[in-house]
Amino acid sequence: MTFQSILDEIDNNLKKILSDLSISDVQFSVEPAKPGFGDVSSNISFLLAKQLKKSPKDIAQLLSEKYSHCTNTLVLKSESHPSGYLNFYANWDKLNQLIISESYLETCGDVDIGNGSTMVVEHTSVNPNKALHIGHIRNIVIGDTISRILQKANYKVNVLNYVDDSGLQVADIIVGFKHFGYDQEPPDGKKFDHYCGDDVYVKTTEKYDADSSLEEIRKDVLKELEDGDSETAMFADKITRRVLEAQLETCWNLGVTYDCLNFESQIIRSGLWNKIFEKLKEMNLVEFENEGKNSGCWVIRGEDKEEDKVIVRSNGTATYIAKDIPYAAWKLGLLEDPFNYEKYVPEQPHSRVLWQTTLNKTNPISKDFTGEKVVTVIDSRQSRLQKIITSLMGKFKSVPDAYNHLGYESVTLSSDTAKTLGLDTDGKQAQMSGRKGLYVNADSVYDILKEKTKDETKKRHSEMSTSEIDSIAHSVSVGTLRYEMIKQDLDKIITFDLTKSLSLEGDTAPYIQYTHARASRIIEKSGRTPTIDVDFSLLTEKSELDLIKNIGLFNLQVRDATNNLSPKVIARYCYDLAVSFNSFYEKSKVLDLGDVELENSRLCLVNSFKIVLEKALDLLGINAPDRM
RNA sequence: GGGCCCAUAGCUCAGCAUGGAUAGAGUGCCGGACUUCUAAUCCGAUGGUCAAGGGAUCGAAGCCCUUUGGGCCCGCCA
């Protein structure tokens with residue numbers, strides 16, 4: 001139970017004291033203390049002030065006195081602070097041992113919030129007509145990190161990627177290939193997704209802008225796509241799957257994997273829409289409009305008339321949001337599954353099997369990728385639509401908070417970076433646009449980062465083999481990219497600047513990874529295998545205790561991140577942990593002390609840090625190299 | 001016109017959910033530390049009317065209201 005143990009002990013004792021005083025229903029806090037105020041703090045005195053008609057300071061004194069009579073194993077003493085806080089000092093001899101030996105266990109950092117229940121996490125969900133850009137990467141990294149955290153919190157997680165392989169964006173590249181003569185093979189061995197996005201898509205849409213009569217071709221193609229058996233649809237399927245494969249390469253390279261790919265085209269053809277539409281009608285959640293601007297349409301009622309949302313057009317076809325409703329219901333397991341499943345080829349790395357839906361009835365395999373709860377990662381521009389879906393799902397499923405939209409702000413380009421792409425924004429940041437070709441794609445950011453980190457590594461280790469340098473540079477580049485996407489709050493816009501993103505100092509992944517390498521190096525140089533069979537009472541330096549305390553907070557942070565679906569909590573934790581290790585590193589030498597007992601105790605601590613940091617970084621999908 | 005989000009140090013951000021102690025980091029600028037377990041590091045200095053105003057509270061960066069500035073969304077497009 002790590003640091004939680006001392007919190008629980010204090011919590012229980014305080015509750016006992018309150019019940020002796022015949023006071024109940026006080027929701028006081030017991031938290032790790034701010035530096036300089038002991039080890040644990042409680043705000044209990046403030047909350048009692050009114051009831052007891054005494055100042056917080058006096059109450060703290062009273063409680064502190066009473067606390068000294070409680071049974072304590074982990075608390076050394078309590079102390080009332082003049083401000084009114086009640087502070088506690090830990091019995092570090094015991095807490096050291098507890099925290100460090102716990103950290104050596106496989107289960108370290110695990111918390112049980114999910115109780116083994118299933119959770120669907122859907123992320124990525126990009127049109128397969130272009131390469132992933134830096135904005136998509138935010139989505140992907142948030143989704144992947146959240147699913148790793150949820151697993152740590154004992155959820156069984158099904159990760160889905162909704163392949164949006166129908167609609168206009170796909171139609172546009174098909175028009176490019178079939179009508180504007182783009183070769184199916186990219187020139188100069190360009191990656192296929194880059195080719196489709198940079199060349200075919202951008203230039204095809206440019207042609208529409210120049211000649212509006214071409215819109216007719218576009219509409220015809222779109223119509224042909226809807227008929228799954230048409231030659232156009234089959235061609236489109238071939239193209240979008242090639243793009244998808246290239247996109248997945250990018251994801252896999254960043255350490256992101258999935259359980260199942262769901263194809264929008266198949267959801268449309270599966271007939272799920274009709275089923276859910278009947279259900280909506282039965283439950284009176286949709287209404288047919290006889291008059292007004294939406295006359296002849298089926299709508300979902302909003303708060304007022306202006307917010308009514310059309311889901312079936314007057315020509316009988318379903319709108320964009322309508323396609324999302326059956327998929328959301330399917331994810332929650334509310335519909336009979338119309339799909340069969342087959343393994344996706346090529347194989348996904350890290351021996352995680354990737355499945356895909358199919359409507360093919362030969363050799364049917366059934367699978368269950370639904371969940372009791374769902375997290376859908378989509379940027380907050382979709383909040384309005386997601387709110388409608390959330391509310392509908394709330395009516396279908398009684399589990400509270402079954403459907404969750406995890407929104408996040410977009411990634412924009414700094415004016416400098418926009419300028420290098422040929423857009424003068426007059427000093428303002430710019431929204432990315434796939435259509436206009438105004439984006440920074442993820443592969444090139446990775447490549448640039450990797451070149452830089454290779455150079456940095458070579459500078460430090462002239463003796464290293466090329467493959468080792470390559471492997472370190474890969475870990476550091478992926479780490480840097482992922483960390484930048486995750487370290488700040490979801491509701492903050494990220495202004496991406498190509499130059500600034502190359503920074504490898506300060507609050508960055510390389511900083512954290514470097515501390516890990518330092519720890520590894522100490523253990524390697526010692527030539528010993530660290531064990532927990534050491535004298536923990538030798539660890540008394542402030543920097544040592546701070547580090548141990550941070551190590552002991554791991555599971556508390558996982559809990560926080562899970563409850564708030566907040567990946568940045570883990571990013572901050574990794575950083576704090578690294579900072580406290582660096583402080584320890586500066587102040588306490590580990591090797592060549594001439595005191596084997598002390599060396600072993602510190603070595604044990606170094607290894608404890610290394611283990612926990614590796615686990616925490618793993619939640620962020622970041623590797624921790626032993627050397628860099 | 002309606003709705004959502006943001007505003008804290010020159011810049012980028014923590015802290016806000018659950019009000020309480022001295023508002024913290026990184027970066028930048030200035031200065032210092034590598035014959036030492038890796039300097040992708042560390043130490044010091046500089047830097048704040050927590051956008052503005054009001055309210056409730058013993059107490060507000062945090063809660064409520066108003067205002068200002070910025071971003072996004074509001075189609076029988078997807």
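Order of the sequence lines fixes the chain letters, A, B, ..., with proteins taken first and strands second; residue numbering starts at 1 for each chain.
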For the residue pair [Y] / [X], report whether a side-chain donor-acceptor contact shorter than 3.5 Å exists.
X	Y	result
A:Ser265	A:Asp165	yes
A:Glu541	A:Ser588	no
A:Asn294	A:Glu289	no
A:Glu264	A:Tyr162	yes
A:Thr508	A:Tyr483	no
A:Ser583	A:Ser543	no

Tell me, please, which residues at least two apart from A:His516 pass side chain to side chain contact (heavy atoms under 4.5 Å, CB included).
A:Ser520, A:Lys610, A:Leu613, A:Glu614, A:Ala624, A:Asp626
Residues from residues 595-602 of chain A sitting under 4.0 Å of RNA chain B, heavy atoms only?
none
Just the atom pairs and distances: protein N or O near nucleotides 3-6 of chain B's N or O, under 3.5 Å.
residue	atom	partner	partner atom	Å
B:C6	OP1	A:Asp491	OD2	3.1

Using the [atom1] atoms only, state how far [M] lies from [N], rounded to an integer number of Å.
N	M	atom1	value
B:C42	B:C64	P	38 Å
B:C29	B:U35	C1'	32 Å
B:G10	B:A52	P	13 Å
B:C50	B:A23	C1'	8 Å
B:G26	B:C58	C1'	37 Å
B:G47	B:G3	P	43 Å
B:G48	B:A9	C1'	5 Å

So which nucleotide from [options] ends up closest to the side chain of [X]?
X	options	value
A:Arg518	B:A40, B:U41, B:A14	B:U41
A:Asn564	B:G71, B:C72, B:A17	B:A17
A:Glu586	B:A14, B:C76, B:C42	B:C42
A:Gln488	B:C13, B:C37, B:A78	B:C13

B:C77, OP1 or OP2 - any side-chain N/O from A:Arg313 closer than 4.0 Å?
yes
Quick one: is A:Gln429 getting a side-chain N or O under 4.0 Å of the B:G71 phosphate, OP1 or OP2?
no
Give the rounded distance in Å between these two atoms: [atom1] of [X] and [atom2] of [N].
X	N	atom1	atom2	value
A:Leu490	B:C13	CG	C1'	14 Å
A:Gln51	B:C58	CD	P	16 Å
A:Leu504	B:A39	CG	P	17 Å
A:Asp576	B:C13	CG	C1'	13 Å
A:Gln27	B:A17	CD	C1'	15 Å
A:Arg627	B:A40	CZ	P	13 Å
A:Leu449	B:A40	CG	P	18 Å

Which sits closer to the 5' end of RNA chain B, A:Arg521 or A:Gln431, going by the nucleotide each is nearest to?
A:Arg521
Produce the list of close N/O pairs, under 3.5 Å, pairing protein atoms with atoms of nucleotides 21-27 of chain B; give distances to one decimal.
residue	atom	partner	partner atom	Å
B:A21	N6	A:Ser41	OG	2.8
B:A21	N1	A:Asn87	OD1	3.2
B:A21	N1	A:Asn87	ND2	3.3
B:A25	O2'	A:Tyr575	OH	3.3
B:G26	O2'	A:Asp507	N	3.3
B:U27	OP1	A:Gly506	N	3.4

All stems that RNA chain B takes part in, i.e. 3 or more consecutive Watson-Crick or G-U pairs with distances under 3.5 Å, are B:1-7 with B:68-74, B:10-13 with B:24-27, B:30-33 with B:41-44, B:51-55 with B:63-67
Check the interface with nucleotides 31-36 of chain B: list each N/O to N/O pair with the protein under 3.5 Å, or write none.
none

So what does A:Ser588 hit on the nucleic acid, given a heavy-atom distance under 4.0 Å: a base, only sugar-phosphate, or nothing?
base
